[in-house]
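These notes concern the structure reproduced below.
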Amino acid sequence: MVDLEGLISINKPPEITSFGVVKNLKKILGIKKAGHCGTLDPMASGVLLVLLGRSTKLQNSFMELKKCYRAKFLLGITTDTGDITGKVTARKEYREMKPEKVMEILNSFIGEIEQVPPMYSALKYGGKKLYELARKGIEVERFPRKIKIYNIEFISQYDNMLEIRVECSKGTYIRSLGEDIGKKLGCGATMTFLCREKVGPFTVKDAFNLDTLKNLDKKTVMEKIIPENALSSFVKGD
C-alpha cells in the first residue's frame, strides 16, 4: 500500500455509511490512511470530501466550509429518528398553507440559531455514539449548539410534501431543522430525502461515483485527486 496525499470529492450514494465510502475508497486507491470531512446519514447522498494520507491533518479546516443541502419532508408525521427510517411517534393532519405563509416560517430560521442535536447522530456521550445509545432505548440530555442558517429556499409543496434547499454552517442537522419547521407548521415533519449538493466550492455535479472510480485505471484515478499543495486555496477566506 502507498500513502497518497490530497483530496477527492465523492458523490456518496444512499444506503451506505460515510465510513463505508472511505473504506471502499481506501481499497480502490490502495492506501492506508483517509478520512472524510463531515458525516452524511446512511440514507443521504451527495458530496463527501475525503482527505488522503497526511492531508487528513486539514480535516478541521474543510469541515468549517459552508454546506448546501436539498431536502424533502413528509408533513404530518413525526418519527423517533427525524427521518423516514424511524418509528412513527405521532401523526397529525396537515392543513395546507399558502406558499407565502410557509416561506415566512422558513425565513424565521435564517440567521444564528440554537439546535439540539438528535439522539440518532454520531456525536459522542461518555465514549459512546448517541445513535448506539438510542438503539438501546437510552436517551441522554443534549445541549443546544449554535449553528447558522445562511438561506432557506422554498422549492415546492405538493400535498403533504415540502421540498427546500438549505445553506448552513457545519454542525447543522437537517433532520432536526425539519422537525423544528414541522412544529412551527403545527403538524410535525420527518425527512424523506437528503442530498448534500455543495461543500464550499465542491458540487455534487463534479463529485465522483465510487463505481466509476472502480472502473478507471490507476493513473486516471490519480489525476482526479487534488494534490495537497493546492488545498489551502479551498479553505482560505470561506
Side-chain angles (χ1 to χ4, degrees), residues 14-15 17-18 38-46 67-123 125 129-197:
E15 310 308 326
T17 64
S18 299
T39 304
L40 272 175
D41 290 342
M43 72 168 281
S45 63
K67 317 291 193 299
C68 179
Y69 296 89
R70 184 163 59 92
K72 294 180 183 179
F73 300 96
L74 180 61
L75 304 176
I77 289 180
T78 306
T79 66
D80 59 355
T81 60
D83 62 42
I84 203 66
T85 67
K87 294 177 183 176
V88 175
T89 55
R91 293 180 186 271
K92 190 172 183 181
E93 184 183 356
Y94 170 63
R95 295 183 179 178
E96 191 166 340
M97 294 182 180
K98 290 182 178 180
E100 294 81 9
K101 180 61 179 175
V102 177
M103 287 175 69
E104 182 184 321
I105 288 171
L106 295 177
N107 287 337
S108 70
F109 289 92
I110 294 175
E112 193 175 82
I113 62 173
E114 289 194 335
Q115 186 182 73
V116 177
M119 272 302 300
Y120 281 86
S121 67
L123 289 178
Y125 178 91
K129 290 179 179 177
L130 287 180
Y131 69 76
E132 293 173 339
L133 298 175
R135 285 171 182 167
K136 294 177 181 177
I138 301 170
E139 183 164 353
V140 298
E141 185 178 8
R142 287 99 63 211
F143 297 99
R145 304 191 307 175
K146 285 187 178 179
I147 59 164
K148 190 166 185 179
I149 305 296
Y150 297 99
N151 189 45
I152 302 182
E153 177 189 348
F154 174 35
I155 297 176
S156 66
Q157 177 189 333
Y158 46 95
D159 294 331
N160 60 339
M161 292 293 296
L162 174 67
E163 183 174 2
I164 62 174
R165 181 172 283 110
V166 182
E167 288 183 63
C168 58
S169 67
K170 75 165 187 177
T172 303
Y173 288 92
I174 304 299
R175 282 177 292 141
S176 297
L177 177 64
E179 288 181 313
D180 291 339
I181 291 169
K183 285 175 187 174
K184 280 203 173 184
L185 288 170
C187 60
T190 193
M191 190 173 73
T192 62
F193 170 87
L194 182 67
C195 176
R196 186 151 67 192
E197 297 185 322

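For reference, positions follow the sequence shown, starting with 1.
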Is [Y] close to [X] at the side-chain level, that is, under 4.5 Å between some pair of heavy atoms?
{"X": "Lys148", "Y": "Cys168", "answer": "no"}
{"X": "Lys146", "Y": "Ile113", "answer": "no"}
{"X": "Asp41", "Y": "Arg175", "answer": "yes"}
{"X": "Ile84", "Y": "Phe193", "answer": "no"}
{"X": "Glu167", "Y": "Lys67", "answer": "no"}

NZ or CZ of Lys184 within 45° of Phe109 ring axis and under 6.0 Å: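 Yes, Lys184 and Phe109 form such a contact.
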Drop me the distance from [X]'s [atom1] to [Y]'s [atom2], to the nearest 0.5 angstrom.
{"X": "Ser176", "Y": "Ile181", "atom1": "OG", "atom2": "CD1", "value": "11.0 Å"}
{"X": "Glu104", "Y": "Leu106", "atom1": "CD", "atom2": "CG", "value": "10.0 Å"}
{"X": "Ile105", "Y": "Asp180", "atom1": "CD1", "atom2": "CG", "value": "12.0 Å"}
{"X": "Met103", "Y": "Glu153", "atom1": "CE", "atom2": "CD", "value": "9.0 Å"}
{"X": "Ile164", "Y": "Leu177", "atom1": "CD1", "atom2": "CG", "value": "5.5 Å"}

Residues Met97, Leu185; criterion side-chain contact (heavy atoms from CB on, under 4.5 Å); working and verdict: CA-CA 9 Å; Met97 294 182 180; Leu185 288 170; 3.6 Å; yes
Exercise: identify the closest heavy-atom pair between [X] and [Y]:
{"X": "Tyr69", "Y": "Arg196", "answer": "OH-NH1, 3.1 Å"}
{"X": "Pro144", "Y": "Val116", "answer": "CG-CG2, 4.1 Å"}
{"X": "Met43", "Y": "Pro14", "answer": "O-CB, 3.6 Å"}
{"X": "Arg145", "Y": "Gly171", "answer": "NH2-O, 3.4 Å"}

Verdict with reasoning, Thr172 to Ile149, per side-chain contact (heavy atoms from CB on, under 4.5 Å): CA-CA 8 Å; Thr172 303; Ile149 305 296; 3.9 Å; yes
Derivation and outcome, side-chain hydrogen bond (donor to acceptor under 3.5 Å, both in side chains), residues Tyr94 and Gln157: CA-CA 12 Å; Tyr94 170 63; Gln157 177 189 333; 2.9 Å; yes
Please check if the side chain of [X] supplies one atom and the backbone of [Y] the other of a donor-acceptor pair under 3.5 Å.
{"X": "Glu179", "Y": "Thr190", "value": "no"}
{"X": "Lys92", "Y": "Gly186", "value": "yes"}
{"X": "Asn160", "Y": "Leu75", "value": "yes"}
{"X": "Asp80", "Y": "Gly86", "value": "no"}
{"X": "Ser45", "Y": "Cys195", "value": "no"}
{"X": "Thr79", "Y": "Asp83", "value": "yes"}
{"X": "Ser169", "Y": "Ile147", "value": "no"}

SB check Glu197 Arg70 (cutoff 4.0 Å):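 Looking at Glu197 and Arg70, the cut-off is met.
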Stepwise side-chain contact (heavy atoms from CB on, under 4.5 Å) check, Met191 with Lys72: CA-CA 6 Å; Met191 190 173 73; Lys72 294 180 183 179; over 6 Å; no
Candidate pair Thr39 and Ser18, rule side-chain hydrogen bond (donor to acceptor under 3.5 Å, both in side chains), full reasoning: CA-CA 6 Å; Thr39 304; Ser18 299; 5.0 Å; no
Intermediate values then yes/no, side-chain contact (heavy atoms from CB on, under 4.5 Å), Ile174 and Phe73: CA-CA 10 Å; Ile174 304 299; Phe73 300 96; 3.9 Å; yes
